[in-house]
Amino acid sequence: MTTASSRHEPVMPQATVSALRPCLSGLIVDGTAGQGGHTQALLDAGAERILAIDLDPDAVRWLSTRFRDDARVQPIHASYSDLPQPIGTELSAGVLLDLGVSSKQLATAERGFSFRLEGPLDMRFDSTAGVPAAYLVNRLPEADLATLLREYGEERRSRAVARRIVASRPIESTTQLARVVARAFPRRRRLHPATRTFQALRIATNQELDVLRQGLDGARLALCSGGRLAVIAFHSLEDRIVKQTFRRWAQEGLGEVLTRRPIRPDRSEAQHNPRARSARLRVFSAEGST
Ligand SMILES: C[S@@+](CC[C@H](N)C(=O)[O-])C[C@H]1O[C@@H](n2cnc3c(N)ncnc32)[C@H](O)[C@@H]1O
């Protein structure tokens, strides 16, 4: 089941294309191709070859259909953290990572990413592998759950939320979890009370921060000399890892950070695409990274 809002609009497409413009004549890896919005923007700008990677088999099926008549695009099911392996011995002129969840995944109730839609507590990007979020929700000791909520959700009321969750087990569905979490918040707030809990569970279920660290290193190894890595992050935990990694690489002489400050969406994009509001794009240019 999907809702009307399931069409995914790529975030900062123009800035992303500008960042990767020098790479258009070489192999570009779209490491989180999703619904192919950025892939299409890069093709429209003249990209000659794109490896469109996604960990979600549904997304790869979608990409295969969308680009079936376009020989420039090769969709594959893989994790970007496996880079450089998916490109073999070839080097890439550019790698794009647009992190997080797509609108289609959020709008598909059975995937369990949204606290607004009734669904199972799954939250896996690759629903054929790993352990669903229900396992963490129903099995983790209270103290570990509180730590997870604090570290991955930056949830200030982590202990109260963990206590409520443990007292309400078993919790079977997304909306049941959202109701349980809401009870840990005495006053109404602007942000839905379950926002941070769902972010934390999704990060833990998919081990997103470790995947990002490994994926950044792999992406750099995949780049040719002068190749570019562009990363769009959606929350401070991811953005901090990207910023610190790029800074460390520059200090080690591995290349240059091209974005002293992250690129943010302009006001009109933030207004018409709410998902873009927290986005930050950072770009690194590799120096002989073989
Ligand atoms: C924000 S969406 C990308 C949207 C895409 N740029 C577009 O314009 O349609 C993020 C995508 O990353 C995928 N993803 C998450 N973790 C991944 C991983 N480790 N490797 C590859 N893809 C991953 C998700 O399945 C999702 O489709």
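In this text, all values refer to a predicted model and were calculated from it rather than measured experimentally. Start at 1 and go down the list; that is how both ligands and their atoms are numbered.
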- Task: Kindly confirm or rule out an N or O of Asp98 lying under 3.5 angstrom from an N or O of ligand 1.
- Result: yes

- Query: Quick one: nearest non-hydrogen protein atom to atom 16 (N) of ligand 1, plus distance?
  - Reply: Phe125 CD1, 3.6 Å

- Message: Given 3.5 Å as the limit, does a donor-acceptor pair link the side chain of Ser92 with the main chain of Leu223, or not?
- Response: no

- Message: Between Arg248 and Glu252 (salt bridge meaning N to carboxylate O under 4.0 Å), is one present in this structure?
- Response: yes

- Which residue and heavy atom of the protein sit nearest atom 20 (N) of ligand 1, plus the separation: Tyr80 N, 2.9 Å

- Identify the protein heavy atom lying closest to atom 19 (N) of ligand 1, giving its residue, its atom name and the separation to 0.1 Å. Ser79 OG, 3.0 Å

- Looking only at heavy atoms, the pair that brings Leu121 and Pro132 closest together is O-CB, 3.6 Å

- Message: Heavy-atom contact check, 4.0 Å cutoff: does Gln105 meet ligand 1?
- Response: yes

- Task: Mark up the atoms of ligand 1 that fall under 4.0 Å of a heavy atom belonging to Val211, in ascending order.
- Result: 19 (N)

- Message: Treating Trp249 as the side-chain partner and Leu254 as the backbone partner, does any N or O pair qualify as donor plus acceptor under 3.5 Å?
- Response: no

- Query: What atoms of ligand 1 come within less than 4.0 Å of a heavy atom belonging to Leu99?
  - Reply: 1 (C)

- Which value, rounded to the nearest 0.5 Å, describes the distance between Met123 atom CE and Leu201 atom CG? 5.0 Å

- Query: Gln35 versus Lys104: any side-chain heavy-atom pair under 4.5 Å?
  - Reply: yes

- Residue and atom name of the nearest protein heavy atom (relative to atom 7 (C) of ligand 1), distance in Å to one decimal: Gly37 N, 3.4 Å

- Could you find the nearest protein heavy atom to atom 17 (C) of ligand 1 and give me its residue, atom name and distance? Leu55 CB, 3.8 Å

- Task: Determine whether any heavy atom of Ala78 lies closer than 4.0 Å to an atom of ligand 1.
- Result: yes

- Heavy-atom proximity to atom 5 (C) of ligand 1 ranks first, among Pro13, Pro86, Ala33, Ala59, for Ala33

- Query: Is the closest heavy atom of Val101 to ligand 1 under 4.0 Å?
  - Reply: yes

- Residue, atom name and distance, where the atom is the protein heavy atom closest to atom 21 (C) of ligand 1: Gly31 O, 3.2 Å

- Query: Can you find a heavy atom in the side chain of Asp144 that is under 4.5 Å from one in the side chain of Leu136?
  - Reply: no

- Message: In the structure I gave you, are the side-chain heavy atoms of Arg66 and Leu63 within less than 4.5 Å of one another anywhere?
- Response: no

- Query: Should you measure from each heavy atom of Gly36, which atoms of ligand 1 turn up under 4.0 Å away?
  - Reply: 7 (C), 9 (O)

- Query: Polar-atom distance check: Phe234 versus ligand 1, any N or O pair below 3.5 Å?
  - Reply: no

- Heavy-atom nearest neighbour in the protein, as seen from atom 27 (O) of ligand 1, with distance rounded to 0.1 Å: Asp54 OD2, 2.8 Å

- Task: Find out whether Val180 and Ile171 are in side-chain contact, i.e. whether some heavy atom of one side chain is under 4.5 Å from a heavy atom of the other.
- Result: yes

- Query: Should the heavy atoms of other residues, nucleotides or ligands under 6.0 Å from CD of Gln207 be counted, would the total exceed 12?
  - Reply: no

- Note on the structure: Under 4.0 Å from one or more heavy atoms of Gly100, ligand 1 contributes atoms 10 (C), 11 (C), 12 (O), 24 (C), 26 (C)

- Of the side chain and backbone of Glu208, name the one, both, or neither that has a heavy atom under 4.0 Å from an atom of ligand 1. neither

- Asp126 bridged to Arg124 by N-O distance under 4.0 Å: no

- Query: What part of Leu96, side chain, backbone, both or neither, has a heavy atom within less than 4.0 angstrom of ligand 1?
  - Reply: neither

- Item | Gln214 and Asp210 side chains, donor-acceptor separation under 3.5 Å | no

- Item | Test of ring centre spacing under 6.0 Å for Tyr152 and Phe198 | no

- Message: Checking the N or O distance criterion of under 3.5 Å, is ligand 1 in contact with His38?
- Response: yes

- Task: Classify the side-chain pair Ser103/Glu9 by whether it contains a donor and acceptor separated by less than 3.5 Å.
- Result: no

- For atom 3 (C) of ligand 1, which protein heavy atom lies nearest, and how many Å away is it? Thr32 O, 3.2 Å

- Query: At a non-hydrogen distance cut-off of under 4.0 Å, which region of Asn206 contacts ligand 1 (side chain, backbone, both, or neither)?
  - Reply: neither

- Message: Under 4.0 Å from a heavy atom of Asp56: which atoms of ligand 1 are those, numbered in the order shown and with their elements?
- Response: 25 (O)

